[in-house]
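Chain A is the first sequence line, chain B the second, and so forth, proteins listed ahead of strands; every chain is numbered from 1. Computed from a prediction, not measured in an experiment: that's the story for all the values here. Heavy atoms only: backbone and side chains are in, while hydrogens, waters and symmetry mates are out.
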Amino acid sequence: MNRIRTRFAPSPTGYMHIGNLRTALYAYLFAKSQGGDFILRIEDTDRARYVADAVEFIERTLAAAKIIPDEGPHHGGAFAPYVQSERMDIYKKYAEQLVADGHAYYENGAIRQKMPRAGETTFFDVLHGNITIANSELEDQVLLKSDGMPTYNFANVIDDHLMEISHIIRGTEFITSTPKHVLLYEFFGWELPTFIHLAPVMGKAEDGTVSKLSKRHGATSFNDLIEAGYLPEAITNYVALLGWSPKNSCQEIFSMDELIKNFSLDGLSKSPAVFDYAKLDWMSGEYFKAMSDEDFAKVADKYFGDFDAPRKIFLSSLLKTRVAKLSDIPDMIAFLKNLPQFDVELFNNKRNKITPQKSAEILAPAIKILENVDD
RNA sequence: GGCGCCUUCGUCAAGUGGUUAAGACACCGCCCUCUCACGGCGGGUUCAAGGGUUCGAAUCCCUUAGGCGUCACCA
């Protein structure tokens, strides 16, 4: 059996959507659970969309999420370069070969793939089984753009083959273009990889409607969530369970190692999952509760304001069980610095048989006693 | 609109012809408790609809509906 090799192939935008992070996570978990390789490849063939430093941004984000590529732009590897804009001559060569073989043709400076007019193309997807699409639905798509850059649909196939990718794990938005890829593999006489098309991550709006997770639903990128004060481990853990569940187990709290140990493709769900901030909050809280006061104080440090170290650790012992995300902290401890307005209602407590009048009687002598107490 | 994919509690989900249809989050109630939390116990709500097949269907087949995706020199 061939070595298991998966890849994460983002385009370089300065943004790591939760859905993309999840795709990367599953590709990583699958490769690692099989003792295989996980490759990072940058698909920067759209010059108009290029964002400076995006590659470093992606690498930093993956590192924070503990998703470590075996090969990639700055990780090296036998199939370098891992940035598509640096592989233009390769795509050109294969595109020209297709033209020579009669499977593609020139048009306005671009090279287009010649699709069969009749028949149908079928491919196997691990989650969906056989998917068949009539060839009449397929366009003569552009392979090589007039600026010399390949399109996604071409570069992707060439690179996945050349880099010996065994399993293609990506979003369902690519299902309908997969037959075009399959035709390309057939033209070249290459072995087909295994396809796994993941359902999207959805968001729920206030009016109850569900749609693909986007900004209108709040924080939608890994970095948004980090900034809100969620631990990277908690985010990864939650995201892993959004569309995957372990077999023969109800475990929900997973370290990365446990995720790798338990991951299997048949635990993947083929229907979309709605991102639930409430559950993320709960899971995040579980991580905080499991921390020592010292560790909590460390990650929460910048949210405390000017308390001394021992005080921060003491506050941590109280905050640990009450916090869903670290950014909750400032509001929770604000009263320690500014005395808030207290409602007289607070002095009504039926159970303790307390009324505002009674409280006043009790509090007066109590103040005297408290004044004499040591710190 | 054509084509494709999807459809189990509000949400994440287990389930692959015979189960009282797991579990978790959220919600509600009770207990613990000087408050808020934490913790413990308990509760309600689910197989999109309609047809088949079968002794028996959440599980198999068909139809309908709804959702999503795709039809770019974007990925």
Worksheet, complete the sentence: Comparing K289(A) with Q84(A), nearest RNA chain B nucleotide closer to 5' gives the residue K289(A)
Practice prompt. For the residue pair Y152(A) and F174(A), categorise the inter-ring angle as parallel (less than 30°), tilted (30 to 60°) or perpendicular (more than 60°).
Written response: parallel
Fill in: Complementary nucleotide for C5(B) - Watson-Crick or wobble, under 3.5 Å
G67(B)
Item to complete: Take the protein atom OH of Y91(A) and the nucleotide atom C1' of C73(B), then report the distance between them rounded to whole Å.
Response: 16 Å
Discussion item. Looking at K145(A), I'd like to know whether one of its side-chain N or O atoms comes within less than 4.0 Å of OP1 or OP2 on A72(B).
Written reply: no
Worksheet, complete the sentence: Under a 3.5 Å limit on both distances, the Watson-Crick or wobble mate of A14(B) is none
Worksheet item: For N130(A), does the CG atom have more than 12 heavy-atom neighbours from other residues, nucleotides or ligands under 6.0 Å away?
Response: yes
Worksheet item: Does a nitrogen or oxygen in the side chain of R49(A) sit under 4.0 Å from OP1 or OP2 of A75(B)?
Response: no
Worksheet item: Over how many whole Å does the gap from I253(A) atom CD1 to C25(B) atom C1' extend?
Response: 11 Å
Item to complete: Verify the neighbour count for atom CZ of F314(A): are there more than 12 heavy atoms of other residues, nucleotides or ligands below 6.0 Å?
Response: no
Practice prompt. Check the distance between C3(B)'s P and L138(A)'s CG and give it to me in whole angstrom.
Written response: 14 Å
Review item, nucleotides 43-45 of chain B N/O atoms under 3.5 Å of protein N/O:
none

Worksheet item: When the distance from CG of N135(A) to P of C71(B) is rounded to whole Å, what number comes out?
Response: 17 Å
Worksheet item: Aromatic rings Y185(A) and F195(A): how do their planes relate, parallel, tilted or perpendicular, breaks at 30° and 60°?
Response: perpendicular
Discussion item. Which label fits F304(A) and F307(A): parallel for a plane angle under 30°, tilted from 30 to 60°, or perpendicular past 60°?
Written reply: perpendicular
Worksheet entry | Atom CG of D306(A) with >12 non-hydrogen neighbours under 6.0 angstrom | no
Worksheet item: Between the side chain of R22(A) and the main-chain N/O of L242(A), is any donor-acceptor distance below 3.5 Å?
Response: yes
Item to complete: Both distances under 3.5 Å, Watson-Crick or G-U wobble: report the partner of C38(B), or none.
Response: none
Discussion item. So if I take every side-chain heavy atom of Y152(A) and compare against A75(B), A24(B), C3(B), which nucleotide ends up nearest?
Written reply: A75(B)
Practice prompt. For residues L40(A) and P73(A), determine if any side-chain heavy atom of one lies less than 4.5 Å from a side-chain heavy atom of the other.
Written response: yes
Worksheet item: Nearest-Å distance, CG (D281(A)) to C1' (A24(B))?
Response: 15 Å
Worksheet item: Once you round it to whole Å, what is the distance between P of C74(B) and CG of D46(A)?
Response: 6 Å
Worksheet item: E137(A) near the nucleic acid: base, sugar-phosphate alone, or nothing, with a heavy-atom cut-off under 4.0 Å?
Response: base
Item to complete: Determine which nucleotide pairs with A26(B), using a 3.5 Å limit on both distances of a Watson-Crick or G-U wobble pair.
Response: none
Where do N or O atoms of nucleotides 5-14 of chain B meet protein N or O atoms at under 3.5 Å, pair by pair?
{"unit_1": "C5(B)", "atom_1": "O3'", "unit_2": "H128(A)", "atom_2": "ND1", "d": "3.0"}
{"unit_1": "C6(B)", "atom_1": "OP1", "unit_2": "H128(A)", "atom_2": "ND1", "d": "3.1"}
{"unit_1": "G10(B)", "atom_1": "O2'", "unit_2": "K204(A)", "atom_2": "NZ", "d": "2.6"}
{"unit_1": "C12(B)", "atom_1": "OP1", "unit_2": "V274(A)", "atom_2": "N", "d": "2.9"}
{"unit_1": "C12(B)", "atom_1": "O2'", "unit_2": "L241(A)", "atom_2": "O", "d": "2.9"}
{"unit_1": "A13(B)", "atom_1": "OP1", "unit_2": "G243(A)", "atom_2": "N", "d": "2.6"}
{"unit_1": "A13(B)", "atom_1": "O3'", "unit_2": "S245(A)", "atom_2": "OG", "d": "3.2"}
{"unit_1": "A14(B)", "atom_1": "OP1", "unit_2": "S245(A)", "atom_2": "OG", "d": "3.2"}

Fill in: Position toward the 5' end of RNA chain B (nearest nucleotide), A278(A) or A134(A)
A134(A)
Worksheet item: Same cluster or not: are Y26(A) and I58(A) linked, directly or through other Ile, Leu, Val, Met, Phe, Trp or Tyr residues, by side-chain heavy atoms under 4.5 angstrom apart?
Response: yes
Discussion item. What is the separation between atom CD on E139(A) and atom C1' on C74(B), rounded to the nearest whole Å?
Written reply: 15 Å
Discussion item. Using a 4.0 Å heavy-atom cut-off, does K320(A) contact any base of the nucleic acid, only the sugar-phosphate backbone, or nothing at all?
Written reply: nothing
Fill in: Complement of U59(B), any strand, by Watson-Crick or G-U distances under 3.5 angstrom
none
Practice prompt. Would you tell me if any nitrogen or oxygen in the side chain of T45(A) comes within less than 4.0 Å of OP1 or OP2 on A75(B)?
Written response: yes
Item to complete: Could you work out which one of G4(B), A37(B), A75(B) sits closest to the side chain of T151(A)?
Response: A75(B)
Practice prompt. Compare the minimum distances between each of A75(B), C73(B), G4(B) and the side chain of R112(A), then state the nucleotide with the smallest one.
Written response: C73(B)
Discussion item. I need the CG-C1' distance between N237(A) and C25(B), as an integer number of Å.
Written reply: 13 Å
Worksheet item: For U53(B), which nucleotide in any strand shown is its Watson-Crick or wobble partner with both distances under 3.5 Å?
Response: none
Worksheet item: Would a 4.5 Å heavy-atom cut-off, applied to side chains only, mark P69(A) and F8(A) as touching?
Response: no
Fill in: Heavy-atom side-chain proximity of I168(A) to T178(A) below 4.5 angstrom
no
